[in-house]
Amino acid sequence: VEYDFMGEIPASFTDVTRNDEILASQKGYTADQNVEIMSCNYNGQSFLIDEATGDVYDIKRTYRKDKSMRITLTL
């Protein structure tokens, strides 16, 4: 499978909250990190690549607050 990537997308890496950890536990996974990006840059991808490190993360959950232009990806 071949993928086309958009590069240089501004993102903010943040720690998971206690609520993120609880929800992840209930759903059977571990929440390690949250990443916020502009929602227009997310099209349902299942993974994220950190260009700075080359690390690949599985996106386990997405969350968008009402009327927000940003989406939170839980990795």
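- Under a 3.5 Å cut-off, the side chain of K60 and the backbone N or O of A31 do not form any donor-acceptor pair.
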key: Evaluation steps, side chain to side chain contact (heavy atoms under 4.5 Å, CB included), between Y57 and Q33   = CA-CA 9 Å; Y57 300 95; Q33 184 86 49; 5.6 Å; no
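- Once rounded to the nearest 0.5 Å, the distance linking CG of N34 with OG1 of T14 reads 4.5 Å.
- Note that CG of L75 is 10.5 Å distant from CG of D20, once rounded to the nearest 0.5 Å.
- Put simply, V16 and F13 are part of two different groups of oily side chains (I, L, V, M, F, W, Y) that touch within less than 4.5 Å, one to the next.
- Going from atom CD1 of I9 over to atom CD1 of I49 covers 10.5 Å, rounded to the nearest 0.5 Å.
- E51 contributes a side-chain N or O that, together with a main-chain N or O of E8, makes up a donor-acceptor pair within less than 3.5 Å.
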Extract all donor-acceptor atom pairs below 3.5 Å that involve side chains of residues 37-44 and protein atoms in other chains or at least two apart in sequence.
| from | atom 1 | to | atom 2 | distance (Å) |
| --- | --- | --- | --- | --- |
| S39 | OG | M69 | O | 3.1 |
| Y42 | OH | Q45 | O | 3.0 |

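- Of the possible polar contacts, one joining the R64 side chain to the S68 backbone as a donor-acceptor pair under 3.5 Å is found.
- Counting only residues at least two apart or in different chains, salt bridge (Lys or Arg N to Asp or Glu O under 4.0 Å) contacts with residues 65-75 comprise E36-R70.
- Among residues two or more places apart in sequence or in another chain, the ring pair (Phe, Tyr, Trp, His ring centres under 6.0 Å) test is passed with Y63 by none.
- From E21, atom CD reaches atom CG of D32 across 9.5 Å, with rounding to the nearest 0.5 Å.
- Side-chain atoms of L48 and V35, non-hydrogen and from C-beta on, do get closer than 4.5 Å to each other.
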